[in-house]
Amino acid sequence: MGVLDDYLVDPNISLLEKTRIQAQVLVPVLRALRSELGKEKADAIVKQALRGWSKQLFAAVGDSVDGSPRRKWAAMHTAMADITEREVTVEMRRHDNEALEFDVTQCRFAEFFRALGEPEIGALLICEADFDIAAAGGGDVSLTRDQTIMQGAPSCTFRYRFAPR
């Protein structure tokens with residue numbers, strides 16, 4: 001059993017395939033809500049629901065990992081890297097005791113959601129999870145990301161900072 005098995009539901013399917021399955025349900029529901037409630041209100045409801053789900057899920061995953069907050073983050077981050085590595089291209093910028101910095105320069109998740117015309121949903125399902133995983137690191141790990149491919153930028157800028165040990 002992997003640390004992210006609860007997130008993946010079925011570890012035998014890729015995260016991209018899981019995401020496509022989620023989108024088959026979520027996108028038509030979101031579009032129906034937009035038609036009924038208007039884009040702003042519908043998007044706000046879906047954002048609140050997805051962010052709440054993701055925060056709760058990754059907090060529970062973090063609670064299942066033994067060790068310090070930084071150890072919890074490291075286990076989850078490593079597991080996420082393992083399941084996304086074939087879907088993204090990464091350029092490492094820095095990796096030491098103080099920081100982990102890298103850019104994602106190609107992302108199949110972003111390509112999928114942009115082709116659907118729903119990059120906001122992709123950002124909620126995929127991109128925002130990175131912050132929930134960082135939260136498992138407590139005050140030991142922080143993440144800033146100024147841009148994402150999902151939102152139209154040429155790269156996603158991951159900048160993790162680690163508290164001194």
Side-chain angles (χ1 to χ4, degrees), residues 1-23 26 46-114 119-165:
M1 297 264 307
V3 70
L4 293 179
D5 284 353
D6 286 344
Y7 171 62
L8 288 174
V9 180
D10 181 351
N12 295 316
I13 63 170
S14 74
L15 181 57
L16 183 58
E17 286 304 310
K18 174 193 180 226
T19 302
R20 287 180 175 150
I21 293 166
Q22 289 173 320
L26 186 57
V46 170
K47 180 178 182 176
Q48 181 181 10
L50 290 177
R51 292 302 302 130
W53 166 76
S54 183
K55 287 177 183 181
Q56 182 180 9
L57 179 94
F58 285 108
V61 171
D63 289 345
S64 73
V65 176
D66 291 333
S68 69
R70 184 156 172 192
R71 164 77 179 97
K72 292 173 186 293
W73 169 82
M76 292 168 59
H77 176 79
T78 299
M80 186 61 84
D82 288 346
I83 63 174
T84 60
E85 67 186 353
R86 67 179 170 258
E87 313 299 352
V88 299
T89 302
V90 174
E91 291 182 10
M92 189 62 61
R93 302 285 183 211
R94 178 180 176 189
H95 190 190
D96 56 39
N97 288 335
E98 296 174 0
L100 171 62
E101 299 180 356
F102 58 92
D103 295 342
V104 170
T105 58
Q106 181 182 15
C107 177
R108 291 181 64 201
F109 299 100
E111 291 166 7
F112 171 71
F113 281 103
R114 292 180 68 72
E120 300 87 6
I121 295 298
L124 289 170
L125 285 174
I126 300 299
C127 305
E128 294 300 316
D130 299 316
F131 291 96
D132 300 330
I133 292 169
D140 293 347
V141 179
S142 65
L143 169 62
T144 57
R145 186 173 51 219
D146 294 331
Q147 62 185 35
T148 65
I149 295 170
M150 193 78 73
Q151 296 167 323
S155 66
C156 307
T157 54
F158 287 78
R159 303 297 183 260
Y160 290 95
R161 294 288 180 262
F162 306 125
R165 292 185 184 211

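All values below were derived from every heavy atom in this structure, side-chain atoms included, with hydrogens, water molecules and symmetry-related copies excluded. Fair warning: this is a prediction, and the values are worked out from it, not measured in the lab.
Take E101 and apply the side-chain hydrogen bond (donor to acceptor under 3.5 Å, both in side chains) test, not counting sequence neighbours, and it matches R161. The side-chain hydrogen bond (donor to acceptor under 3.5 Å, both in side chains) check on T84 picks up nothing, with sequence neighbours excluded. By the side-chain hydrogen bond (donor to acceptor under 3.5 Å, both in side chains) test, E98 pairs with R94, sequence neighbours left out. Checked against side-chain hydrogen bond (donor to acceptor under 3.5 Å, both in side chains), R108 has the following partners two or more places apart in sequence or in another chain: E87. Listed by chain and number, the residues in a side chain to side chain contact (heavy atoms under 4.5 Å, CB included) with T89 are T105, Q106 (sequence neighbours excluded). For Q48, there are no side chain to side chain contact (heavy atoms under 4.5 Å, CB included) partners, not counting sequence neighbours. Qualifying side chain to side chain contact (heavy atoms under 4.5 Å, CB included) partners for A74, counting only residues two or more places apart in sequence or in other chains: none. For Q151, the side chain to side chain contact (heavy atoms under 4.5 Å, CB included) test picks out T148, with sequence neighbours left out.
Residues in residues 133-146 take part in these salt bridge (charged side-chain N to carboxylate O under 4.0 Å, His left out) pairs, two or more places apart or across chains: D130-R145. Under the ring-ring contact (aromatic ring centres under 6.0 Å, His included) criterion, the residue pairs touching residues 83-108 are F102-F158, with sequence neighbours excluded. Within the structure, the salt bridge (charged side-chain N to carboxylate O under 4.0 Å, His left out) test picks out the following pairs touching residues 47-74 (sequence neighbours left out): R51-D132.
Atoms CE and CG, on M150 and L125 in that order, are 8.0 Å from each other to the nearest 0.5 Å. Here the straight-line distance linking atom CG of L15 with atom CD of E85 works out to 12.0 Å at 0.5 Å rounding. Remark: L50 CG to I121 CD1 distance equals 6.0 Å, nearest 0.5 Å. Rounded to the nearest 0.5 angstrom, W73 CH2 and L100 CG are separated by 5.0 Å. We find the CD1-CZ distance between I126 and F113 to be 6.0 Å, quoted to the nearest 0.5 Å.
Judged by distance alone, the side chain of S64 and the main-chain N or O of V61 form a donor-acceptor pair under 3.5 Å.
Here the rule is side-chain contact (heavy atoms from CB on, under 4.5 Å) with F162, and of D96, V141, N97 only V141 fits it.
Around the CD atom of Q56, the shell of radius 6.0 Å holds no more than 12 heavy atoms that belong to other residues, nucleotides or ligands.
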